[in-house]
Amino acid sequence: MPSGIKNASILTEYLLQFTQTNKRYTNMLMITGGAGFIGANFVKDWLAQYDEPVLNLDKLTYAGNLSSLAALQGDTRHVFVKGDIADRSLVRQLLSRHRPRAVLNFAAESHVDRSIHGPQAFVDTNVTGTFQLLESVRDYWSELSRQEQQAFRFLHVSTDEVFGSLYPTEPAFTEVHPYRPNSPYSASKAASDHLVRAWHHTYGLPVLTTHCSNNYGPYQFPEKLIPLMILNALSGKALPLYGDGQQVRDWLYVKDHCAALRRVLEAGSPGETYNIGGCSERTNLQVATTLCTLLDTLCPRAEGGSYAAQITFVKDRPGHDRRYAIDASRLESELGWKPAETFESGLCKTVNWYLAHQPWVDDVTSGSYRHWVTQHYGEGEPSCPAS
Ligand code: NAD
Ligand code: DAU
């Protein structure tokens with residue numbers, strides 16, 4: 001958040017702007033978790049492309065950051081409300097007042113390491129929160145006209161982690177891969193997916209579920225691998241790789257993910273699930289070395305030599321999934337989406353973004369994040385937070 005501006009004043013300001021606007025909009029989206037990494041990218045990209053307002057409900061946990069939305073200050077199409085998806089009375093009120101044509105659920109506790117240390121918040125938001133949100137939405141939806149009911153969508157943003165871990169030669173996850181979640185995070189996401197599915201089959205709620213792979217790009221909180229590595233490299237700290245660094249993830253540039261979500265919202269069939277991947281499987285060691293090579297060119301070390309010298313192998317994450325890979329061919333063949341960025345082009349954009357946005361970095365690396373890093377990585381040599 002720009003220094004000196006507090007949440008409450010931003011909220012009041014947005015609400016005031018919204019009520020003062022002369023323009024009447026017939027359609028609106030409700031986004032939950034829109035101050036987080038993917039949600040904020042989605043909201044900004046949406047408003048850059050469409051003249052359809054967004055109601056953004058976010059609890060502003062440590063991962064929610066209004067400075068990621070600072071460019072929207074003064075834009076009356078963005079209505080921000082600080083609140084919990086589990087708060088039925090608030091959500092019901094917001095739905096009645098703003099009458100969105102769709103709800104996109106990004107809100108979640110999203111970091112695997114944190115789920116290992118403290119699973120309660122994951123069950124509270126990802127399971128109970130999704131349940132409460134579904135019930136609020138079902139109440140609202142059931143009172144819509146038949147035509148509005150048919151047009152309505154509840155899009156639930158899930159993850160490839162619900163499918164568990166793949167062996168090196170196994171084919172990538174398709175939409176029908178069995179669920180085998182291994183961490184408290186992925187188990188809580190799997191539970192939420194099952195609730196969403198059941199609300200469609202039992203009550204007819206028109207839901208869409210997406211499973212995406214590891215996102216990276218602007219505004220990602222630096223507890224996740226790529227921003228953590230960029231910022232540690234630049235500040236001369238170690239680049240901690242868990243275990244042998246041979247775990248594989250399929251990297252998806254966040255703006256490609258947002259484009260896929262827009263397409264699923266527009267043309268996905270209710271009750272169906274869609275995989276979204278980046279076609280970019282890399283080991284964590286490959287990610288780290290590619291990043292170091294990029295930084296060596298874009299921002300050479302003052303003392304000379306490569307940033308790769310800062311790579312350190314640390315104790316592994318408990319229950320660490322070895323490999324994720326997404327088969328996104330359904331999305332390509334049925335809805336015509338495929339990623340625009342390669343891993344190399346997306347990573348280059350991401351590194352340049354972090355280099356150019358020091359105030360955002362300073363903002364998120366203060367406060368609770370610093371406390372988490374000190375508590376779990378310690379002040380000295382880095383180790384896996386779960387060690
Ligand atoms: P994030 O942690 O950056 O942001 C989550 C946002 O949700 C934050 O703004 C937070 O304040 C908000 N939030 C948390 N609990 C809430 C609650 N009870 N009520 C309202 N808001 C709440 O997460 P992200 O990386 O942007 O992920 C968004 C979604 O995408 C999540 O559902 C996540 O599981 C899923 N996902 C993420 C990735 C990834 O690589 N980041 C990959 C696959 C799926
Ligand atoms: O696959 C989708 C998932 O990707 C999302 O559902 C999650 O919300 C998101 O956090 C992400 O989960 P991962 O556990 O894969 O992401 P993370 O960035 O935490 O770690 C990526 C890989 O890098 C993983 O194998 C663990 C490893 N790692 C991570 C950190 C933070 C390290 O080796 N060192 C680190 O310091």
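Every number for a ligand or one of its atoms is a count from 1 in the order of the listing. These values consider heavy atoms only, across backbone and side chains, with no hydrogens, waters or symmetry-generated copies. None of these values were measured; they are calculated from a predicted model.
Under a 4.0 angstrom heavy-atom cut-off, K189 registers as lying outside contact with ligand 2. Look at S158 and you'll find a heavy atom under 4.0 Å from some atom of ligand 1. Heavy-atom distances between M229 and ligand 2 stay at or above 4.0 Å for every pair. Under a 4.0 Å heavy-atom criterion, D58 is in contact with ligand 1.
In terms of protein heavy atoms, atom 2 (O) of ligand 1 is closest to S110 OG, 2.7 Å. K59 N, 3.1 Å is the protein heavy atom nearest to atom 21 (N) of ligand 1. The single protein non-hydrogen atom nearest to atom 32 (O) of ligand 1 is K189 NZ, 2.7 Å, given as residue, atom name and distance. Closest to atom 5 (C) of ligand 1, if we only count protein heavy atoms, is A108 O, 3.4 Å.
Proximity annotation for atom 11 (C) of ligand 2: of V287, D160, N214, N214 comes nearest, heavy atoms only. Comparing heavy-atom distances from atom 27 (C) of ligand 2 across L239, N284, I226 singles out N284 as nearest. Of the candidates L90, I38, L57, the one placing a heavy atom closest to atom 41 (N) of ligand 1 is I38. In this comparison of Q246, E161, H320, the heavy atom closest to atom 24 (C) of ligand 2 sits on H320.
The closest donor-acceptor contact from the side chain of Q132 to the backbone of G129 lies at 3.5 Å or more, if one exists at all. Proximity of a side-chain donor or acceptor of K189 to a complementary backbone N or O of V157 within less than 3.5 Å is detected.
You'll find the side chain of H111 stays beyond 4.5 Å of the side chain of Y185, heavy atoms only. Contact of the L57 side chain with the L90 side chain is registered, since non-hydrogen atoms from C-beta on lie closer than 4.5 Å. Using a 4.5 Å heavy-atom cutoff, the side chains of V137 and L95 are in contact. Inter-residue side-chain proximity for L252 and N214 is flagged as unmet; no heavy-atom pair is nearer than 4.5 Å.
Taking hydrophobic clusters as Ile, Leu, Val, Met, Phe, Trp and Tyr residues chained together by side-chain heavy-atom distances below 4.5 Å, F152 shares a cluster with W199.
Geometrically, ligand 1 and D84 share a nitrogen or oxygen pair separated by less than 3.5 Å. Remark: ligand 1 and T159 share no N or O pair separated by less than 3.5 Å (distance only, no angle test). Between N214 and ligand 1, not a single N/O pair is under 3.5 Å apart. Annotation: T125 places an N or O atom under 3.5 Å from an N or O atom of ligand 1; distance criterion only. Checked against a 3.5 angstrom limit, the closest N/O atoms of Y185 and ligand 1 fall inside it. No N or O atom of N65 sits closer than 3.5 Å to an N or O atom of ligand 1.
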F173/F163 under ring pair (Phe, Tyr, Trp, His ring centres under 6.0 Å): CA gap, chis, key distance, verdict: CA-CA 7 Å; F173 302 126; F163 300 128; 5.1 Å; yes
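Between Y62 and F221, the two ring planes are perpendicular [angle over 60°; tilted spans 30° to 60°]. Taking the six-membered ring where tryptophan is involved, the planes of W353 and W360 are perpendicular, since the angle between them exceeds 60° and thus also 30°. Classification of the F154-H156 ring pair by plane angle, with boundaries at 30° and 60°, yields parallel.
Of all the atoms in ligand 1, the ones that sit under 4.0 Å from a non-hydrogen atom of F106 are 28 (C), 29 (C), 31 (C), 32 (O). Residue-ligand proximity, C212 to ligand 1, at heavy-atom distances under 4.0 Å covers atoms 42 (C), 43 (C), 44 (C). Applying the 4.0 Å criterion to heavy atoms of G83 picks out, from ligand 1, the atoms 19 (N), 20 (C). Near V157, meaning under 4.0 Å from any of its heavy atoms, are these atoms of ligand 1: 30 (O), 32 (O). Atoms of ligand 1 lying under 4.0 Å from at least one heavy atom of G33, given by number and element, are 6 (C), 7 (O), 12 (C). Those atoms of ligand 1 that come under 4.0 Å of a heavy atom in A107, given as number and element, are 7 (O), 20 (C), 21 (N), 22 (C). Against a heavy-atom cut-off of under 4.0 Å, E223 is close to the following atoms of ligand 2: 31 (C).
At a 4.0 Å heavy-atom cut-off, ligand 1 touches L60 through the backbone alone.
Taking the ring centre of Y242 as origin, the terminal cationic atom of R317 falls outside the region bounded by 6.0 Å and 45° from the ring axis.
Side chains of S110 and K224: a donor on one and an acceptor on the other come within 3.5 Å.
Within 6.0 Å of CD in Q150 there are more than 12 heavy atoms belonging to other residues, nucleotides or ligands.
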